[in-house]
Amino acid sequence: MISPLEYKQRRQKLMSAIGKGVAVFNSAPYAVMHNDVEYVYRQDSDFYYLTGFNESSAVAVLAPNHSEHQFILFVQPKDLAKEIWTGYRVGVEGAKDLYGADAVYSIEELDEILPKYLVSGDRIYYHLGRDLNFNARIIHYWQKLTESYPKRGTGPTGIEDSNFVLHPLRMIKSPAEIEMIRKATEISVKAHKKAQEIAQPGKYEYEIQAEIEHTFRSLGGDGVAYPSIVASGANACILHYIENNRRMEAGDLLLIDAGCSYGYYNGDITRTFPVDGKFDPRQKDIYQLVLEAQLAAIEMVKPGNTYNQYHDKAVEVLVEGLKELKLLQGDSKEIIEEKKYEPFYMHRTGHWLGLDVHDVGNYKQDKENWTTFQAGHIVTVEPGIYISPYITPAEGQSEIPDYWKGIGVRIEDDVLVTESGNEVLTAGIGK
C-alpha cells in the first residue's frame, strides 16, 4: 500500500512546483446509476494521489506560503444518523489524525474559510473539470478576492490549471506504485488464465465475464478497472464491445480485454484465442502478424526512446504483414503516410497506465517532440487487426475477400520502463 509518508512527499513536490500559489482539489461526487441508487464510489484520482482520502464531499488545499497550515482538508463531519444509511465517515478529528493535515474543517465551513487560505497565494491552481458547480464556486472566490486586491496588495491574480503541474509527477511511478500495479496485473493474469480454461463452444460471453470478475474480487481486487470486453467472432472487431451476450461457436476467436483494479491502480490485458483450442489458417496468419508487431513494439519501450516509436514500429510490421497477405497493396511508406492501414488498425498502440487506466500525462512535449521514456513509466502495448464484416478499404486499395472478414485480434501487455530496458508485468499469461 501507499504509505502516509509517500502521500506527504507527493504534496511536498507539488507545493515546490506551485511556489507561492495555492492548489485546490475537489473530491469526486457520487454518480447516480438510476433514480436514487448510486454507483459504488470511486474517488477522483488526483485527489486520491495527494491524500489517500476516499470520501466524497471533501476538498484538499495546498498552501505552501501560508504561515501555519500548508495542507488543509475540508471533510464531512461525523453524523451517526446519516452514517447508519451511507457508511462511516472519518470526520474532522479523524481526518487530522489519519491523513496528516495541518488543519481540518467541516465541508460546511468551506465558503467562510477557504478564501482565507486562497489569499495567501499569488494564484489559484485548480482544474476546471466536470463539476460545474464547484468550478463556479472557485471562480466566485477568485473574483471576490480580485475585487478586494487593491486594499491588500496581495492575493491570487489568476487561475492556472493544476493538471500541468500535478500530472507530470504522476507519470513516473514510485516503487510502491509499481508494486500496486504489479499486484493488479498478477490478479488480472490469473483471471485471464481462468477464462481460457473454461471457454468453449456453447458458452456465452457473459459466462466468461462472470468468471473473470469473480476472480478479480476473490483474489482481493477492488473489481474491474474498466468494463470487461469479452468478444467472440466478429464482435472482436468492435473495439469497446461490452454487451458480452453472444453464444460462442466452434471456430470462433475470443478476444478478452479485461483488467483488475487493486487499491485504485489498474491492470489492462488483452488476449485472443480460439474457443475450441485450434486456430484455422486465416486466424493463425492474422494472430501471428499481430504477435510479431507486439513483440517488436515492446522492444522499443525503453529509456531514451520516444513514445511514438513503439507505435510506429507496430504499424511498420503490420503494414508489411498485411501486404504479404495481400490485404494491402502499394508502397509501404505511402500506405503509412496516408494511413491506408486504418481500416484494419484504427487506434494507437498503447497508453499510460496507473491510477487511471488511460493514465494522465503528456504524449507530446510540443508540436514536434514526443515524450521520452524514463524509468518508472508504465504503458500498454496493444496492436491489433480488425477485419469487420463491414470493412471498407482505403481509397485505391482492393476490396477485402469474404474469406478474411469477421476476424479481430488484439494482444495487450502492461510494460514498465526500467533503467536498462523494460519489464513486461503481464508476462504470466501466454501468447
Side-chain angles (χ1 to χ4, degrees), residues 10 13-14 17 44-46 48-49 125 127-130 160-174 177-178 181 184-185 225-226 239-240 257 259 264-270 290 293-319 336-339 341-342 344-386 410-419 421-426:
R10 293 171 180 179
K13 286 181 181 178
L14 182 61
D44 174 81
S45 293
D46 285 342
Y48 193 79
Y49 179 82
Y125 285 85
H127 174 64
L128 292 167
R130 286 172 285 190
E160 293 200 23
D161 194 326
S162 57
N163 284 2
F164 294 116
V165 288
L166 177 58
H167 290 178
L169 302 179
R170 282 181 55 186
M171 287 178 70
I172 303 295
K173 305 304 186 279
S174 71
E177 288 183 290
I178 291 168
I181 296 173
T185 57
Y226 50 92
L239 299 183
H240 291 163
D257 187 339
Y264 274 19
Y265 289 87
N266 300 293
D268 187 358
I269 303 174
T270 307
V290 174
Q294 201 227 15
L295 295 175
I298 288 173
E299 290 184 4
M300 304 301 292
V301 179
K302 57 187 178 182
N305 279 2
T306 52
Y307 177 83
N308 62 308
Q309 286 180 268
Y310 82 104
H311 172 71
D312 292 346
K313 175 57 70 173
V315 169
E316 289 173 13
V317 175
L318 291 175
V319 166
I336 292 171
E337 287 179 352
E338 298 182 8
K339 298 187 176 180
Y341 61 86
E342 284 195 340
F344 301 95
Y345 182 48
M346 61 293 295
H347 60 80
R348 298 288 298 185
T349 303
H351 51 79
W352 305 120
L353 181 70
L355 277 172
D356 296 305
V357 176
H358 293 161
D359 208 26
V360 298
N362 286 357
Y363 294 101
K364 296 188 79 169
Q365 297 305 305
D366 53 49
K367 186 176 181 180
E368 302 297 331
N369 296 299
W370 292 84
T371 296
T372 300
F373 282 132
Q374 301 178 51
H377 282 155
I378 298 179
V379 293
T380 65
V381 182
E382 51 180 307
I385 293 176
Y386 314 93
R410 180 165 66 253
I411 307 171
E412 176 183 20
D413 282 297
D414 304 336
V415 182
L416 166 67
V417 181
T418 64
E419 295 288 349
N422 67 57
E423 178 188 351
V424 180
L425 299 175
T426 47

Exercise for review: Before accepting this row, confirm whether a basic side-chain N of the pair K302/E419 lies closer than 4.0 Å to the acidic partner's carboxylate O.
Suggested key: no
**Study point:** Residues K173 and D359 bridged, charged N to O under 4.0 Å
**Key:** yes
Check your understanding: Who pairs with M171 by side-chain contact (heavy atoms from CB on, under 4.5 Å), at least two apart in sequence or on another chain?
Key -> W352, T371, H377
Review point. Roughly how far, to the nearest 0.5 Å, is the NE2 atom of H127 from the CG atom of D44?
Key: 8.5 Å
**Study point:** Any E412 side-chain heavy atom under 4.5 Å of D257 side chain
**Key:** yes
Practice item. Work out which heavy atom in N305 is nearest to a heavy atom in Q309; give both atom names and the distance. Key: CA-OE1, 3.1 Å
Exercise for review: Output, in order, the C-alpha distance, side-chain angles, deciding distance and verdict of side chain to side chain donor-acceptor pair (under 3.5 Å) for S45 and D356.
Suggested key: CA-CA 7 Å; S45 293; D356 296 305; 2.8 Å; yes
Check your understanding: Among side-chain atoms of Y363 and H311, is any donor-acceptor pair under 3.5 angstrom?
Key -> no
Exercise for review: Please check if any side-chain donor atom of H167 sits under 3.5 Å from a side-chain acceptor atom of D46, or the reverse.
Suggested key: yes
Check your understanding: Is it true that the side chains of Y125 and D161 contain a donor and an acceptor less than 3.5 Å apart?
Key -> no
Check your understanding: Parallel, tilted or perpendicular: which describes the rings of Y341 and Y345, with under 30° parallel and over 60° perpendicular?
Key -> tilted
Check your understanding: Quick one: does N266's side chain have a donor or acceptor within less than 3.5 Å of a partner on L355's backbone?
Key -> yes
Check your understanding: Is the number of heavy atoms from other residues, nucleotides or ligands within 6.0 Å of NZ (K364) greater than 12?
Key -> yes
Review point. To the nearest 0.5 Å, how far apart are CD in E423 and CG in D414?
Key: 11.0 Å
Check your understanding: Do D413 and T426 have side-chain N/O donor and acceptor atoms under 3.5 Å apart?
Key -> yes
Point to revise | Min side-chain heavy-atom separation R410-Y386 under 4.5 Å | key: yes
Exercise for review: With sequence neighbours left out, write down each residue that passes ring-ring contact (aromatic ring centres under 6.0 Å, His included) with H351, or none if nothing qualifies.
Suggested key: H358
Exercise for review: Compute both the distance and the angle, then confirm whether R10 meets the cation-pi test with Y49: under 6.0 Å from the six-membered ring centre, within 45 degrees of the axis.
Suggested key: yes
Point to revise | Y226/H240 under side chain to side chain donor-acceptor pair (under 3.5 Å): CA gap, chis, key distance, verdict | key: CA-CA 10 Å; Y226 50 92; H240 291 163; over 6 Å; no
